[in-house]
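Encoded as structure tokens, the structure appears first; notes follow it.
Quick note on labels: first sequence line is chain A, next is B, and so on, each numbered from 1.
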Number of protein chains: 2
Amino acid sequence: MKIEILPKNENDAIQKEIISKIRDYINYKNLEPGDKLPSERKLSENFGVSRSSVREAIQTLEFYGLLKSKPQSGTFVADIGSVALNGMISDILRLEKPDFKSLVETRILLELKTVRLAALRRSKEELKEIEEALEAYATKVMSGEDAVQEDLLFHLAIAKASGNSTINTFMLTITPEIITNFTKYHVCDKNIAFIGIQEHRDIYEAIKKQDPQLAKEKMKVHFKMLYQYCYNIKD
Amino acid sequence: MKIEILPKNENDAIQKEIISKIRDYINYKNLEPGDKLPSERKLSENFGVSRSSVREAIQTLEFYGLLKSKPQSGTFVADIGSVALNGMISDILRLEKPDFKSLVETRILLELKTVRLAALRRSKEELKEIEEALEAYATKVMSGEDAVQEDLLFHLAIAKASGNSTINTFMLTITPEIITNFTKYHVCDKNIAFIGIQEHRDIYEAIKKQDPQLAKEKMKVHFKMLYQYCYNIKD
DNA sequence: TTTCTTAAATTGGTTAACCAGATTGGTTTT
DNA sequence: AAAACCAATCTGGTTAACCAATTTAAGAAA
């Protein structure tokens with residue numbers, strides 16, 4: 001059993017450096033929204049790194065909506081001003097992997113909203129998808145198997161029915177990490193899972209009845225143990 | 001003035017196809033959490049696409065936490081089960097660019113939380129950063145200039161002080177789009193911006209006093225016009 | 001048989017050359 | 001002078017060859 005100093009992913013560090021250089025370039029040249037960046041070739045030459053490294057850095061900044069590259073044309077600064085651009089890049093460079101506590105805290109916040117919206121807005125098709133996810137979860141639990149995945153898919157079905165694509169996306173991004181940690185720390189033991197079936201069913205019924213307040217209450221009940229867990233785990 | 005059928009970015013479509021094929025492969029081979037995918041070369045050969053296309057698709061899936069590639073070793077399936085993996089990839093493939101309405105709705109949700117948390121948890125340094133952002137905003141407005149960026153940076157400073165890295169990241173991802181739309185639709189006209197100064201100051205004071213309830217109330221006041229706007233704009 | 005050594009094969013990352021479409025600037029045409 | 005044309009150039013995207021670190025398995029040593 002060797003003690004590892006965390007590898008401190010070297011590649012991430014390189015990419016952050018490139019992103020930082022792109023920001024410096026934009027500032028130095030006073031590029032404004034819609035302006036074109038130099039070609040990938042010139043940037044890579046300029047920075048002394050490979051073109052694919054530059055491309056990856058650009059892809060990351062595209063993901064955050066700060067750049068937009070058009071084929072056979074160029075890479076362009078997004079329609080936000082330089083102040084916001086600088087502030088956001090600084091924040092992106094400083095970003096660290098979210099801690100589990102903040103993940104759970106955020107999940108609760110998001111889901112208390114999605115469940116209300118789902119009750120208000122769900123279509124018949126979306127309701128059916130939620131029901132199918134519910135049944136899949138119940139079946140898995142009754143057969144005595146671990147059902148963390150089916151649990152989360154039920155919640156994702158609700159997020160999808162909320163009609164808010166942004167929250168839906170956010171739920172998607174935090175779910176893998178949630179599943180990993182739940183499995184690792186055995187947050188959802190089998191005895192708890194049995195209770196979970198009824199709690200899920202209550203949530204489903206509230207959404208079916210289109211009662212947002214009730215849905216939120218039932219979700220709160222469902223999160224009760226999660227609340228405690230969230231505020232007791234060690235950082 | 002030509003009417004454009006939206007270009008329907010071809011590259012995105014190709015990447016989605018590759019992601020779909022990766023999912024199919026994982027299912028066909030019944031790969032489980034931690035299992036290794038074939039090398040990028042074999043995948044690209046298998047799919048009949050370039051290796052860099054495969055790499056980009058993998059990078060996207062890495063971003064969502066579904067894959068993890070290790071240098072000189074291989075690409076591995078994340079520690080989530082096949083059910084969740086399939087569900088999430090399906091959702092990712094179906095993701096569309098968030099509509100403005102959902103962005104604003106989500107922003108309000110997130111910020112009513114960050115402002116409470118910031119009041120509870122902010123350090124002296126973070127309080128000072130919020131104050132600086134406030135002053136920068138006020139100065140810009142008083143000089144009669146557009147201050148959408150400084151406005152959002154004030155809110156981002158609060159998000160940073162919330163101590164919740166997940167919400168902070170989410171705020172970062174939606175901010176550029178918010179700025180773009182606010183600028184485009186002139187949501188924050190100059191006369192409104194003047195009122196905004198005092199509203200910002202009220203929020204700042206509540207955070208300074210470490211009064212989460214007051215902070216939330218002041219943020220609600222600040223969002224009042226946004227509420228209306230959010231529920232009146234055309235889709 | 002088990003353990004250690006070591007060299008060949010495999011890996012993700014990098015580099016450089018190539019492609020087709022977009023851009024550009026000078027030329028021709030009107 | 002202004003519009004239309006066209007070829008040279010530049011662009012992001014793709015491909016293929018290369019690199020160094022890692023993994024592997026075959027063989028030597030115990």
Subject >> Whole-Å gap separating P (D:dT14) and CD (A:Gln59) >> reply: 11 Å
Identify all side-chain donor-acceptor contacts of residues 154-161 of chain A below 3.5 Å with residues at least two apart in sequence or on another chain.
from: A:His155; atom 1: ND1; to: A:Glu111; atom 2: OE1; distance (Å): 2.7
from: A:His155; atom 1: ND1; to: A:Glu111; atom 2: OE2; distance (Å): 3.3
from: A:His155; atom 1: NE2; to: A:Arg107; atom 2: NH2; distance (Å): 3.4
from: A:His155; atom 1: NE2; to: A:Asp151; atom 2: OD1; distance (Å): 3.2
from: A:His155; atom 1: NE2; to: A:His200; atom 2: NE2; distance (Å): 3.4
from: A:His155; atom 1: NE2; to: A:His222; atom 2: NE2; distance (Å): 3.3
from: A:Lys160; atom 1: NZ; to: A:Glu129; atom 2: OE1; distance (Å): 3.4
from: A:Lys160; atom 1: NZ; to: B:Asp91; atom 2: OD1; distance (Å): 3.3

**OP:** Check whether any side-chain N or O of A:Ser73 sits under 4.0 Å from OP1 or OP2 of C:dA22, and answer yes or no.
**Re:** no
Original post:
Rounding to a whole Å, what distance do you find between A:Ile18:CD1 and C:dG13:P?
Top reply: 13 Å
Original post:
Taking it one step at a time, do A:Ser90 and A:Arg23 satisfy side-chain hydrogen bond (donor to acceptor under 3.5 Å, both in side chains)?
Top reply: CA-CA 9 Å; A:Ser90 298; A:Arg23 175 194 51 185; 3.2 Å; yes
Original post:
Atom CG of B:Leu37 to atom P of D:dT23: distance rounded to whole Å?
Top reply: 17 Å
Original post:
Mind checking whether A:Lys42 and A:Leu37 have side chains closer than 4.5 Å, heavy atoms only?
Top reply: no
Subject >> Below 4.0 Å: OP1/OP2 of C:dG12 and any side-chain N or O of B:Ser69 >> reply: no
**OP:** Please determine if a side-chain N or O atom of B:Thr75 lies less than 4.0 Å away from the OP1 or OP2 oxygen of C:dT11.
**Re:** no
Original post:
Using a cut-off of 4.0 Å on non-hydrogen atoms, how would the nucleic acid contact of B:Ser52 be classed: base, sugar-phosphate, or nothing?
Top reply: base
Subject >> Working for side-chain hydrogen bond (donor to acceptor under 3.5 Å, both in side chains), residues A:Ser165 and B:Asp99 >> reply: CA-CA 7 Å; A:Ser165 57; B:Asp99 53 307; 3.1 Å; yes
Original post:
Rounded to whole angstroms, how far apart are NZ on B:Lys70 and C1' on D:dT22?
Top reply: 12 Å
**OP:** Let me know the distance between CD of B:Gln15 and P of D:dT14, rounded to the nearest Å.
**Re:** 10 Å
Subject >> Nearest-Å distance for atom pair NZ/P, residues A:Lys68 and D:dG12 >> reply: 13 Å
Subject >> Earlier contact from the 5' end, DNA chain D, for A:Arg51 and B:Lys36 >> reply: A:Arg51
Original post:
Reckon A:Arg55 has a side-chain N or O less than 4.0 Å from the OP1 or OP2 of D:dG13?
Top reply: yes
**OP:** For B:Arg41 and for A:Lys42, find the nucleotide of DNA chain D with the closest heavy atom, then tell me which residue's nucleotide is more 5'.
**Re:** A:Lys42
**OP:** Report yes if a donor N or O on one partner sits less than 3.5 Å from an acceptor N or O on the other, where the partners are the side chain of B:Gln72 and the base of C:dG12; otherwise report no.
**Re:** yes
Subject >> Between D:dC18 (C1') and B:Glu40 (CD): distance, integer Å >> reply: 15 Å
Original post:
What is the distance, rounded to the nearest whole Å, between atom CD of B:Glu45 and atom C1' of C:dT10?
Top reply: 14 Å
Original post:
Can B:Ser69 and B:Glu62 be counted as having a side-chain donor-acceptor contact under 3.5 angstrom?
Top reply: yes
